[in-house]
Protein chains: 2
Amino acid sequence: MAEAGTKTPRERYRTQVRAEIKKHAWEQLATTGASALSLNGIAKQMGMSGPALYRYYASRDELITELVRDAYRSLADTLAAAATTGADLGVLAHTLRAWGLEDPQRYLLIYGTPVPGYQAPEDITLISAETMAILLDACSALPTDSSATPFDAHLADHRDWADGHPAPPAVLRRALSFWTRLHGVLSLELAGHFAGMGFDPALLFAAELDELLAH
Amino acid sequence: MAEAGTKTPRERYRTQVRAEIKKHAWEQLATTGASALSLNGIAKQMGMSGPALYRYYASRDELITELVRDAYRSLADTLAAAATTGADLGVLAHTLRAWGLEDPQRYLLIYGTPVPGYQAPEDITLISAETMAILLDACSALPTDSSATPFDAHLADHRDWADGHPAPPAVLRRALSFWTRLHGVLSLELAGHFAGMGFDPALLFAAELDELLAH
DNA sequence: AAGATTTAGTTAGAGGCTATCACGAACCTT
DNA sequence: AAGGTTCGTGATAGCCTCTAACTAAATCTT
């Protein structure tokens, strides 16, 4: 395995440079936001001239797409790791919030303002489906004491997104609520909308989570 | 009044050009997103050379800030108009969603990804407070049958953001839930995250709203 | 080991953008 | 009609993305 994984020196150098480029890209993203991310700037930080980066990323768009992919991957892996250690929905929620706080711009790269024309490559939507599966599993573990709503009936007929997951409609609905509500509090916190308001965002998050788990 | 409002012809021309610039800016925003908004492009659309626009807006940032201000203003006015015609929380929620769907990028200009360093001018935060006041009024009209939570106690001590509004903590909490939950569903819909999922976003929104009003 | 080939990095440059400046032209005031 | 103010222009600096041609180095082949 140590032999199979070790490619030619050139390939190793290449992947290492690509990694270093991404490292600087994440720094720029965190400090200046995605719209100000500059290949030229990264090149200068790495001590080489602008066009050199185009050996590693065909375009600025391709680099950003890879950042998006890595963000989805990181989120899916983080939640999966928590889930395999027996985390329930509550722990999963706090794992999500911690992941978001770790790098708000990374969260917003996924869930923030999209570029109107942009369509993510299919492999990224697959990672997104992984995350959804983790969420559905966790929701299945909870008792479904709530009664069936009209929306449940709609979901029973429109469950393609569950991708074969055997969860009943009530569980699908709980998963959607979980997703949308936590995103609601978390995204507003990460975007700074609670900044001057005085209360503790962590407590609001916990309160929303409590109410989510109580029903 | 018709005389007081009519300034000098030059001033009228000036405000009219500024309005035309903004009109094109909104179009660009809707089609290409805020990051691709270009003063140069707007100038060409208007049949004049690039630097001419700097007579009307000192910088690209200033134009965007004005778009942000107008977006906040439009949202506040839209909700206020609904509220004065006796709209309850449910109607207010659908008014919010309709406003968002009318121009998703306008909604995301307020609630989407912020640029890290940016701090909105104070008059914008005041408009935001207006919106919050409308929300608090509407929440006050509802019966507060829910019991006091630990978070209520925290809110009782951190209610600066309510800006003198006499609503009790339970109402504050309901207003926050209203805001964060509706933003959760709506922002995900506007950002296109429900796109390939099959279900009807309107029904999910309505379901979330129902649950919000039921407790 | 020597030559052939692939690859990394360079500079130059086209075309876009924001933004400043100096200049002429239009306009309103007096 | 003379004055100052304002508008729009072209020129320019300094960013940016991205392409192209070229050099130098590392790797592969024989």
Side-chain angles (χ1 to χ4, degrees), chain A residues 3 5-29 31-68 105 109 115-118, chain B residues 3-29 31-68 109 115-118:
Chain A
E3 197 181 313
T6 310
K7 310 274 183 165
T8 86
R10 223 157 201 172
E11 274 175 331
R12 287 177 42 192
Y13 176 74
R14 186 177 176 77
T15 61
Q16 191 216 323
V17 172
R18 277 178 72 105
E20 192 179 345
I21 292 173
K22 274 205 285 196
K23 197 193 70 189
H24 286 100
W26 281 116
E27 283 170 12
Q28 277 203 12
L29 192 83
T31 58
T32 67
S35 65
L37 195 148
S38 149
L39 291 196
N40 234 319
I42 293 175
K44 274 175 191 162
Q45 281 186 342
M46 293 177 64
M48 54 188 192
S49 244
L53 287 206
Y54 288 80
R55 295 272 172 199
Y56 301 95
Y57 290 96
S59 70
R60 182 178 178 275
D61 245 46
E62 190 183 291
L63 173 58
I64 291 183
T65 294
E66 181 130 331
L67 296 183
V68 172
Q105 287 290 324
L109 200 56
V115 171
Y118 182 78
Chain B
E3 196 182 315
T6 309
K7 311 273 183 164
T8 87
R10 234 176 190 155
E11 273 175 330
R12 287 175 43 191
Y13 175 73
R14 185 176 176 78
T15 61
Q16 191 217 323
V17 173
R18 277 178 71 105
E20 194 179 345
I21 292 173
K22 274 205 285 196
K23 196 192 70 191
H24 286 98
W26 281 116
E27 284 170 13
Q28 276 203 13
L29 192 82
T31 57
T32 65
S35 65
L37 195 149
S38 149
L39 291 196
N40 235 318
I42 293 175
K44 275 175 189 162
Q45 281 187 341
M46 292 178 63
M48 55 188 191
S49 242
L53 286 207
Y54 288 80
R55 295 274 174 200
Y56 300 94
Y57 289 96
S59 69
R60 182 177 178 275
D61 245 45
E62 190 183 291
L63 173 57
I64 291 184
T65 295
E66 182 130 330
L67 296 183
V68 171
L109 200 56
V115 24
Y118 183 78

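Below, chain A is the first sequence line, B the second, and so on; all start at residue 1.
To the nearest 0.5 Å, the span separating CG on B/L29 from NZ on B/K22 amounts to 13.0 Å. In this structure, the separation between CD1 on A/I42 and CE on A/M48 is 9.5 Å, given to the nearest 0.5 Å. Remark: B/R18 CZ to B/Y13 OH distance equals 13.5 Å, nearest 0.5 Å. Between the OG atom of A/S49 and the CG atom of A/N40 there is a distance of 8.0 Å, given to the nearest 0.5 Å. Distance OG1/B/T65 to OH/B/Y57: 11.0 Å, rounded to 0.5 Å. To the nearest 0.5 Å, atom OG1 of residue B/T15 and atom OH of residue B/Y56 are 10.0 Å apart.
Protein atom CE of A/M46 is 15 Å distant from nucleotide atom C1' of C/dT10, rounded to whole Å. Rounded to whole Å, the distance from CZ on B/R60 to P on C/dT18 is 6 Å.
Counting 5' to 3', DNA chain D first comes under 4.0 angstrom of a heavy atom of chain B and last does so at the ends given by D/dT5 to D/dA11.
For the OP1/OP2 pair of C/dG9 and a distance below 4.0 Å, the side-chain nitrogens and oxygens of A/S49 include no atom meeting the criterion.
Side chain of B/R55 to main chain of B/R14: no donor-acceptor pair is present (N/O by atom type, distance under 3.5 Å, no hydrogens or angles).
In the region residues 31-44 of chain A, proximity to DNA chain C at under 4.0 angstrom, judged on heavy atoms, holds for none of the residues.
Counting heavy atoms from C-beta outward, A/L53 and A/L63 have side chains that stay 4.5 Å or more apart. Considering only heavy atoms from C-beta on, B/E62 stays 4.5 Å or farther from B/E66 through its side chain. With a 4.5 Å cut-off on side-chain heavy atoms, B/E27 and B/T31 do not count as touching.
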- Message: Generate the contact string for nucleotides 3-8 of chain C. Rules: B means base contact, S means sugar-phosphate contact only, - means no protein heavy atom under 4.0 Å.
- Response: ---BBB
